[in-house]
Structures are given as C-alpha cells and as structure tokens.
Participant: 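My questions all concern the structure below.
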Amino acid sequence: MTSRGFFALARGFLCAAALLVTAPILADETPQPPPPASAEEPKAEPVKLSSVPAVAAGNRAVSLPGEKSGDIQAHWSARRDYVRDRDERRADDEEQRVRALKDELGIENLFSIGAALVRESQAARAAEAAEVAVQRCKLAVEFAPALPEAHTCLARALVAENPSALKPALAELSAAASAALRDPRVSRALLANVLGVLFAGLLAAGAIFTLVLFLRYARLYAHDVHHLFPAGARRWQTRILAAVLLLLPVLLQLGPLPLLFTALLACALYAGTAELVVSLAFLGVLAASPLAAEAIGRVAAYGGPAADVWLVEHGEGTGPEIGRLQKRADEGDLAVNFALGRKAKRDGELDAAARLYQRALEVKDASPAGLAALRNNLGNVQLLQGETAKAIAQYQQAVDLRENLAASHFNLSRALAMGGVDTLEKVQAEQTRALELDRAAVDAFTGGSLQANRRANRFLMDVPLDAAQLAPLLSREEQVAAPIADEARAWLAGGLSPVFAIALPLIAAALLLALHLAGGRLRPSGRCDRCGREVCKRCDPDARPAEALCAQCVNVFIRRSGVDAAERVRKEFAVQAWHRRRRLAARLLALVSGAGHVMLGYPLRGALFLLVSGSLLASIVLWSGLTHHPIAVGSGVSWVRVGATAAAVIAVYAFCLRDLVLRQRAEEGT
C-alpha cells in the first residue's frame with residue numbers, strides 16, 4: 001500500500017470516529033457503513049424517516065417534517081369520528097399519529113386536545129367507566145402537560161378508580177398547581193381574582209365598620225348637635241339638622257360614597273384610639289383605591305397578543321391565534337415575529353422562518369438575551385437550509401451576546417461536526433461547555449443519549465422566547481385598565497373634578513384626626529356605662545364624665561341619699577333594659593361577623609372579622625371572578641368550591657359568635 005493510500009485510509013477512520021462521537025445516527029435508523037479506504041469520500045445517502053423530505057446539511061441528511069401542526073387537528077377529528085363509530089383500532093392509530101406528529105414537530109402542548117380529553121374523562125366518569133376515565137386523563141397529561149385541568153382530571157379519576165390512591169392523586173394536584181403557576185394566563189387570572197376579592201372585601205369591611213361605628217355613637221352625635229343651637233330649639237328640629245349635616249354629600253350631588261366621610265367625621269369626637277386607627281386606615285384605602293383598581297386591572301389584562309404569543313410558543317397554535325399574530329407581524333413586535341418564526345421552523349417552512357427571524361432582529365432596543373435567542377434560532381434555520389458557515393456565524397454571535405446559553409454551544413458543536421476531523425477538538429469543547437451550562441436541558445432534548453436524532457426539530461436546540469420580551473405587548477394591553485381607575489375616581493369625587501378623588505379621603509382623614517385631637521377642648525358628651533344615657537356636664541352638672549356616669553346614675557347608685565325607692569327601682573329596670581338592648585343589638589349585628597364586636601367596642605378584632613367575612617361575601621358575589629378561566633374545560637358549578645366556601649363561612653361565623661358571647665359574659669360578670 002502506498003503512503004498516499006495509507007493516509008487516506010487513516011483520514012477516513014478518523015472522520016468516522018468524529019462523526020460517531022458528535023452526531024451518531026438514531027438507533028432506529030439504518031446505520032451507515034464505514035467509509036471506504038479511498039481518498040475521496042462518497043456522498044452520504046439521505047436517512048429516510050417514513051416518507052418525509054430531507055434537507056442536505058453538509059454531508060449528512062436532516063429530515064424535515066412531512067406534516068404541519070395544522071394537520072394535528074385533522075388527525076384528532078378523524079380519531080373522534082372513529083371513537084364515535086366504536087372503531088377502536090383506527091382511533092388508536094390516529095392517536096399514535098398525533099403522538100408521533102407532536103414529537104416530530106417539537107410541540108410542547110396540545111391544549112385543545114388535552115381539554116377535549118378532559119371532557120371525555122368527565123363523560124366516562126359520569127358513565128361509571130373509571131378505567132376509561134383514567135386512560136383519557138393520562139393521555140391528556142401526555143398531550144398537554146402544561147394544562148392544569150389535565151392533572152386535576154387525573155387526580156380525580158385515580159381516586160374514583162381506587163380510593164386508596166391518595167399519594168399519586170396528591171402528586172397530580174401538585175403538578176396541577178405548578179402548571180397553573182407557570183401558565184401566565186391562569187396565574188394572572190387567579191391573582192387578579194384573588195386581589196379583586198380581597199380588595200372588594202376590604203372596601204365592604206370598611207363600609208360596614210363605618211356604618212356600625214356611626215350607629216354606636218349616633219345618639220351622642222345628635223345630642224351634641226343640639227347644643228350647637230340656642231336653648232329654645234326643639235330636639236326634633238336639631239336632629240333633622242344633624243341628619244342634614246350627615247347627608248350633605250348627597251344634597252350637594254357628590255354621590256353616596258362621600259357619606260362614609262361624613263359618618264366618620266360625626267364619630268370623630270367619641271371614637272377611641274383603636275377606632276380612630278381603623279378609620280384612618282380605611283380612608284387611606286379609599287384614597288388608594290383608584291390606583292389599586294387599575295393595578296388589579298393590569299394584572300388581569302392578559303388575553304390579547306401576549307396570550308397568543310404564549311400559546312404559539314408553548315402549544316400548537318390555532319388558526320385564529322396565528323391569524324391575529326400575522327396581522328401584527330409587520331408592526332415590528334419582536335415577540336410576535338419570534339413566535340411565528342419558531343412555528344414556521346417547526347412546520348418545516350424554513351424560508352418563512354428565516355424571514356421572520358430577520359425581521360425580529362431589526363427591532364430596536366432588544367435585550368442581549370432576546371438577541372442571543374434570535375441568533376441561535378436563526379442559525380438553526382440556516383443550518384437546516386445547508387448554509388453551515390452562516391449558521392456558525394450566528395451561533396458565535398449568540399455566544400458573544402450570552403455566553404452561558406447552553407443551546408448555542410450545543411448547536412455550534414453540531415455545526416462544527418460537519419467540518420470533519422479538523423474541528424474535532426472544537427466540537428468536543430462546545431459539547432462539554434453545553435453540558436456544563438445546562439446538562440438537564442441537553443439530556444432532555446437528546447433523551448440522554450449521544451445518538452443524534454436526524455429529524456429537524458430534534459437535531460438542533462431552539463431557545464424559547466424569554467418572558468421579558470412580552471413586556472412591550474403587555475404594556476399596550478395593560479392600558480385598557482386606565483378607565484377602571486377613572487371610574488373609581490368618579491365614584492370618590494362624585495360631581496367634582498377627578499383631581500379631588502384622592503384629595504377627598506385625605507382631607508376627611510385630616511379632619512378626623514384634628515377633631516379627635518381637639519376632643520379635650522370641645523368636651524363632647526360621653527355614654528354612661530350603666531344605663532347608656534348621655535354624660536353631659538352642660539345638661540347636668542352632677543354628671544361624672546371621668547367615671548362614665550350620668551347624673552341619674554350618680555344620684556341613684558353612688559349618693560343613694562334622698563332618692564325615692566320607686567325611682568331607684570325604675571332606674572334599675574332602665575339599666576337592665578339598656579343592657580338587654582345592647583346585647584340584642586350586638587347579637588343581631590353578629591349576623592355579619594365582626595359587626596357585633598365593633599358595636600361592643602372591640603374595633604380591632606371586629607375589623608379583622610369584618611375583613612374575613614367581607615372577603616368571603618365578595619367571593620360569593622364575584623363567583624365567576626373578575627377574569628374568566630382561559631380554558632373552558634369544566635362546566636356547571638364546582639361543588640368542591642361551594643363546599644369550601646360554605647365551610648369557611650360557617651367556621652368564621654361560629655368562631656366570631658363564640659368570641660362575642662364570651663366577651664359579653666365577661667362584661668356582665670357571668
């Protein structure tokens with residue numbers, strides 16, 4: 001053998017070794033024979049998977065998908081028809097085609113199919129076919145792992161089939177919670193509903209607290225207003241004037257909400273420190289309510305282009321979603337072009353994918369992470385088109401922008417492997433770096449095997465869209481929340497300019513604090529602890545405000561001398577009657593948990609109970625939520641939620657009533 005032949009043979013074996021290390025063939029593909037001992041390397045024949053077309057990538061063949069994501073629904077419709085006709089064999093065949101197409105296209109979730117399987121499981125459970133229900137739910141989890149309802153469906157089906165299967169059911173519920181938190185459509189809708197219920201409950205609790213506080217001090221307020229007028233004024237006249245002062249916002253056409261301000265101001269001279277703190281906190285909440293309402297609206301605003309982009313990125317993308325995004329593609333949105341580009345690449349439309357990625361690269365102010373993802377994915381398209389040099393340049397730029405991006409190093413190793421033995425060291429270095437950065441992602445993509453999958457969507461790693469790239473779309477969507485703040489300001493300001501919306505609660509808070517601090521100089525009347533009458537030195541000099549005793553109680557129960565026995569008995573009956581009325585009023589107000597505590601003079605505890613009961617009431621009134629569920633899977637009323645809400649209401653009411661009764665008994669010494 002000549003020296004030239006020997007070196008040619010050695011070169012051939014080294015090339016084969018390099019390719020086996022960096023990009024070996026799948027086990028289920030036909031293995032390639034070793035290269036012949038020849039100076040010229042023969043062209044490799046394309047590896048055929050079914051009957052899909054192939055694209056030459058260097059001297060290797062990469063298979064493009066033979067079907068597109070739109071064909072999945074056609075297969076699923078055929079499967080549905082076969083199930084209806086009870087043709088199980090053909091239905092299973094269509095399921096296998098859907099499964100294979102999902103894997104070939106690299107689609108993460110088939111949301112519509114997962115939702116359909118959940119409904120099939122519900123029908124199977126209703127027909128008492130527990131085994132079929134479990135099978136449908138498992139298939140739903142397989143097809144749509146990011147669908148929370150698929151996991152909850154499986155949890156219910158497992159328990160229905162075997163009541164002792166609590167551990168796997170809890171595992172599925174945990175997976176459902178994790179999937180819901182990762183899905184911004186679900187997580188943001190859930191957060192908006194929770195915040196909306198808490199905000200409505202807080203406003204309801206503050207309004208009830210104000211009303212009960214006014215009922216507690218209304219008699220003292222009317223009594224002191226009477227002293228503002230000359231001695232000849234009748235009490236019924238002054239009470240009418242007191243009511244006019246209270247209803248002044250309505251008479252001035254400011255709306256009903258400012259009535260809360262006048263009610264609190266009417267109680268300012270008599271409220272204790274704890275009651276003052278709660279009242280000021282409520283006025284602060286009212287002042288911040290426009291901003292809070294707008295913030296909740298911004299959280300709920302996730303249903304337009306941002307949601308479409310997320311669905312296309314993480315699912316198959318339906319026709320309406322794709323159509324809406326294509327209309328926006330020319331507007332220069334990076335996220336829209338990025339998502340459409342990835343979908344076009346998955347479907348094998350490489351020219352369209354390259355065009356969309358190039359358009360996304362023209363967007364200004366893109367983050368380095370977003371540009372790195374774009375460069376990586378554009379390199380994938382160019383490599384599949386056979387433009388290896390351009391692809392390597394894109395991968396290098398992606399690495400320069402974000403060196404810790406494992407996908408770029410992995411793809412660069414695949415591209416360099418096509419250069420033969422001269423790039424062996426670089427290939428190994430890039431592979432090692434990719435594994436160092438994110439071994440889990442690389443193993444998940446390759447299946448933990450060194451064998452390369454020659455299908456286009458399994459040969460190179462795409463980088464998904466960074467959630468931060470949705471910020472421009474979200475900012476435009478969140479602008480729809482601005483009218484919510486305007487509506488809240490209109491409620492607060494009434495007929496005044498919206499500028500006064502925040503000022504009015506703050507002015508009321510300042511007046512409330514000033515009146516409370518001036519109480520020592522104004523010397524308002526108090527309440528007698530024994531009979532509930534007014535304790536007023538202007539009406540009777542014998543009254544003792546420091547001891548909370550009216551003049552009658554001082555004469556009857558303190559001095560005792562010179563008091564007629566019948567008068568003493570009549571006064572004792574009056575004291576007992578007042579305590580009965582007070583106890584009865586507290587019990588009636590306790591129908592709203594916390595109101596009875598406020599009436600008895602326990603404002604902090606009462607405000608806490610009112611907040612809990614107000615939130616529960618808001619959850620019932622807003623039963624459907626501020627934002628509807630993005631995926632209509634279930635139907636009817638959730639009896640689990642009904643039971644949980646009823647149990648919470650009963651528990652809060654029972655605990656509050658028990659605490660109220662114990663405090664009443666402690667006051668009465670029984």
Participant: Among residues at least two apart in sequence or on other chains, which ones pass ring-ring contact (aromatic ring centres under 6.0 Å, His included) with H597?
Facilitator: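 H597: ring-ring contact (aromatic ring centres under 6.0 Å, His included) contacts with F609.
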Participant: Is the shortest side-chain heavy-atom distance between S112 and E316 below 4.5 Å?
Facilitator: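 Yes, at least one pair of side-chain atoms sits under 4.5 Å.
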Participant: Within a strict 4.5 Å, meaning less than it, do heavy atoms of the V381 and Y357 side chains meet?
Facilitator: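 SC-SC contact between V381 and Y357 confirmed.
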Participant: For A481 and G297, work out which heavy atoms get closest and say how close.
Facilitator: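 Looks like CB-C, 3.6 Å.
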Participant: May I ask you to say whether K102 pairs ionically with E108, meaning some side-chain N is under 4.0 Å from a carboxylate O?
Facilitator: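 Salt bridge absent between K102 and E108.
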Participant: Under the criterion side chain to side chain contact (heavy atoms under 4.5 Å, CB included), I'd like the reasoning laid out for F338 against N377: C-alpha separation, chi angles, the key distance, then a yes or no.
Facilitator: CA-CA 9 Å; F338 188 103; N377 293 358; 3.2 Å; yes
Participant: As an exercise, state the distance from SG of C153 to CD of Q122, rounded to the nearest 0.5 Å.
Facilitator: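 Rounded to the nearest 0.5 Å, the SG-CD separation comes to 6.5 Å.
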Participant: Any heavy-atom pair between the side chains of L492 and L504 that's under 4.5 Å?
Facilitator: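 In short, these two side chains do not touch, never coming nearer than 4.5 Å.
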Participant: Between R79 and E120, is there a side-chain N and carboxylate O pair less than 4.0 Å apart?
Facilitator: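 E120 and R79: salt-bridged.
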Participant: Once you round to the nearest 0.5 Å, how far does CG of L265 lie from CZ of F214?
Facilitator: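 The distance works out to 11.5 Å.
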Participant: What do the steps show when you test R359 against E362 for salt bridge (charged side-chain N to carboxylate O under 4.0 Å, His left out), and what is the final call?
Facilitator: CA-CA 5 Å; R359 185 184 296 170; E362 297 172 0; over 6 Å; no
Participant: Can you tell me if D308 uses its side chain to pair, donor with acceptor, with the backbone of L325 under 3.5 Å?
Facilitator: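 No, D308 side chain to L325 backbone: no donor-acceptor pair under 3.5 Å.
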Participant: Could you tell me whether R489 and D486 make a salt bridge, using a distance below 4.0 angstrom between a side-chain N and a carboxylate O?
Facilitator: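 Salt bridge present between R489 and D486.
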Participant: Picking from Q479, R188, E478, what satisfies side-chain contact (heavy atoms from CB on, under 4.5 Å) with R298?
Facilitator: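 Single side-chain contact (heavy atoms from CB on, under 4.5 Å) partner of R298 among Q479, R188, E478: E478.
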Participant: At their closest point, which heavy atom of Y653 faces which heavy atom of A590, and how far apart are they?
Facilitator: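 That closest heavy-atom pairing would be CE1-O, 3.3 Å.
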Participant: Nearest 0.5 angstrom please: L610 CG to L608 CG, how far?
Facilitator: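 The CG atom of L610 sits 9.0 Å away from the CG atom of L608.
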Participant: Can you name the residues that form a ring-ring contact (aromatic ring centres under 6.0 Å, His included) with H314, not counting sequence neighbours?
Facilitator: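 Here the qualifying residues are W310.
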Participant: So, does S77 use its side chain to make a donor-acceptor pair with the main chain of Q73 at under 3.5 Å?
Facilitator: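 Yes, the answer is positive, given that a donor and an acceptor are paired below the 3.5 Å cut-off.
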Participant: Say you draw a straight line from CG of L154 to CD of E142; how long is it, rounded to the nearest 0.5 Å?
Facilitator: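 Answer rounded to 0.5 Å: 12.0 Å.
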Participant: Should the pair D103-R458 be classified as a salt bridge under the 4.0 Å nitrogen-to-oxygen rule?
Facilitator: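 Result for this pair is yes, salt bridge flagged.
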Participant: Measuring only between side-chain heavy atoms, which start at C-beta, is F445 closer than 4.5 Å to L460?
Facilitator: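 No. Closest side-chain heavy atoms not under 4.5 Å.
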Participant: Does S174 use its side chain to pair, donor to acceptor, with the backbone of L170 at less than 3.5 Å?
Facilitator: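 No.
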Participant: Using every non-hydrogen atom in the two residues, find where V463 and A407 come nearest and quote the distance to one decimal.
Facilitator: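 Reported closest heavy-atom pair: CG2-CB, 3.7 Å.
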Participant: Where the side chain of H151 meets the backbone of P145, is there a donor-acceptor pair that is under 3.5 Å apart?
Facilitator: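 Yes; judged by distance alone, with no hydrogens or angles, the pair exists.
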Participant: Supply the atom-to-atom distance L283 CG to T210 OG1, rounded to the nearest 0.5 angstrom.
Facilitator: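 So the CG of L283 and the OG1 of T210 are separated by 7.0 Å.
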Participant: For a salt bridge (Lys or Arg N to Asp or Glu O under 4.0 Å) with D462, tell me which candidate from K345, R375, R346 qualifies.
Facilitator: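 Between D462 and the candidates, salt bridge (Lys or Arg N to Asp or Glu O under 4.0 Å) is satisfied uniquely by K345.
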Participant: With rounding to the nearest 0.5 Å, note down the distance linking CZ in F282 to CD1 in I208.
Facilitator: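 Nearest 0.5 Å value for the CZ-CD1 distance: 10.0 Å.
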Participant: For side chain to side chain contact (heavy atoms under 4.5 Å, CB included), just list the numbers for L405 and S408, CA-CA rounded to whole Å, side-chain angles, deciding distance to a tenth of an Å, and then say yes or no.
Facilitator: CA-CA 6 Å; L405 188 61; S408 297; 3.2 Å; yes
Participant: When you measure from the side chain of N457 to the backbone N and O of G106, does any donor-acceptor pair fall under 3.5 Å?
Facilitator: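 Between the backbone of G106 and the side chain of N457 there is no qualifying donor-acceptor contact (under 3.5 Å).
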Participant: Does the ring of F111 carry R185 above it, NZ/CZ under 6.0 angstrom from centre and within 45° of its axis?
Facilitator: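 Checked: cation-pi criterion met.
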Participant: Kindly say whether L334 contributes a backbone atom to a donor-acceptor pair with the side chain of Q469 at under 3.5 angstrom?
Facilitator: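 Not confirmed, Q469 side chain does not pair with L334 backbone.
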Participant: Just so I know, are the side chains of S615 and L611 near enough to count as touching, which here means a heavy-atom distance under 4.5 Å?
Facilitator: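 Contact flag for S615/L611 side chains = yes.
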Participant: For E172 and R156, run salt bridge (charged side-chain N to carboxylate O under 4.0 Å, His left out): C-alpha distance rounded to whole Å, both residues' side-chain angles, the deciding distance at 0.1 Å, then the answer.
Facilitator: CA-CA 9 Å; E172 290 300 327; R156 287 193 296 265; over 6 Å; no
Participant: Do L340 and Q326 touch side chain to side chain, with heavy atoms closer than 4.5 Å?
Facilitator: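 A side-chain contact under 4.5 Å exists here.
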Participant: Write down the atom of L213, the atom of S279, and the distance for their closest heavy-atom approach.
Facilitator: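 Reported closest heavy-atom pair: CD2-OG, 3.8 Å.
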Participant: For the pair E349 and K68, find out whether any cationic side-chain nitrogen is under 4.0 Å from an anionic carboxylate oxygen.
Facilitator: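 Salt bridge between E349 and K68, a charged N being under 4.0 Å from a carboxylate O: yes.
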Participant: For A189, does its backbone N or O pair with a side-chain atom of N193 as donor and acceptor, under 3.5 Å?
Facilitator: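 Side chain of N193 to backbone of A189, a donor-acceptor pair under 3.5 Å: yes, one is there.
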Participant: Run E321 and T318 through side chain to side chain donor-acceptor pair (under 3.5 Å) and show every step you take.
Facilitator: CA-CA 5 Å; E321 295 157 5; T318 62; 3.3 Å; yes
Participant: So L660 and Y602, side chain to side chain contact (heavy atoms under 4.5 Å, CB included) or not? Walk me through it.
Facilitator: CA-CA 10 Å; L660 181 67; Y602 303 103; 5.7 Å; no
Participant: Do T645 side-chain atoms and V642 backbone N/O form a donor-acceptor pair below 3.5 Å?
Facilitator: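 Such a contact is absent between T645 side chain and V642 backbone.
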Participant: Closest approach of L356 and A344, non-hydrogen atoms and distance?
Facilitator: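 In this case the closest contact between L356 and A344 is CD1-CB, 4.5 Å.
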Participant: Using a strict cut-off of less than 4.0 Å between a Lys/Arg side-chain nitrogen and an Asp/Glu carboxylate oxygen, indicate whether D333 and R476 qualify as a salt bridge.
Facilitator: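 Yes, charged N to carboxylate O under 4.0 Å.
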Participant: S69 and K343: side chain to side chain contact (heavy atoms under 4.5 Å, CB included), yes or no, with the steps?
Facilitator: CA-CA 8 Å; S69 55; K343 183 182 184 302; 3.0 Å; yes
Participant: Quick one, V197 and V194 - any side-chain contact, counting heavy atoms below 4.5 Å?
Facilitator: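 A side-chain contact under 4.5 Å is absent here.
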Participant: Can you see which heavy atom on G348 is nearest to which on P65, and at what distance?
Facilitator: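 Scanning both residues, the minimum pair turns out to be N-CG, 3.8 Å.
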Participant: Should we count CD of Q253 as having more than 12 external heavy atoms under 6.0 Å?
Facilitator: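 No, because the 6.0 Å sphere around CD of Q253 holds 12 heavy atoms or fewer from other groups.
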Participant: Find out whether R324 and P320 are in side-chain contact, i.e. whether some heavy atom of one side chain is under 4.5 Å from a heavy atom of the other.
Facilitator: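 Sidechains of P320 and R324: in contact.
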Participant: Give a yes or no answer on whether the side chain of E67 reaches the backbone of I72 with a donor-acceptor pair at less than 3.5 Å.
Facilitator: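 No, because the side chain of E67 does not come within donor-acceptor range (under 3.5 Å) of the backbone of I72.
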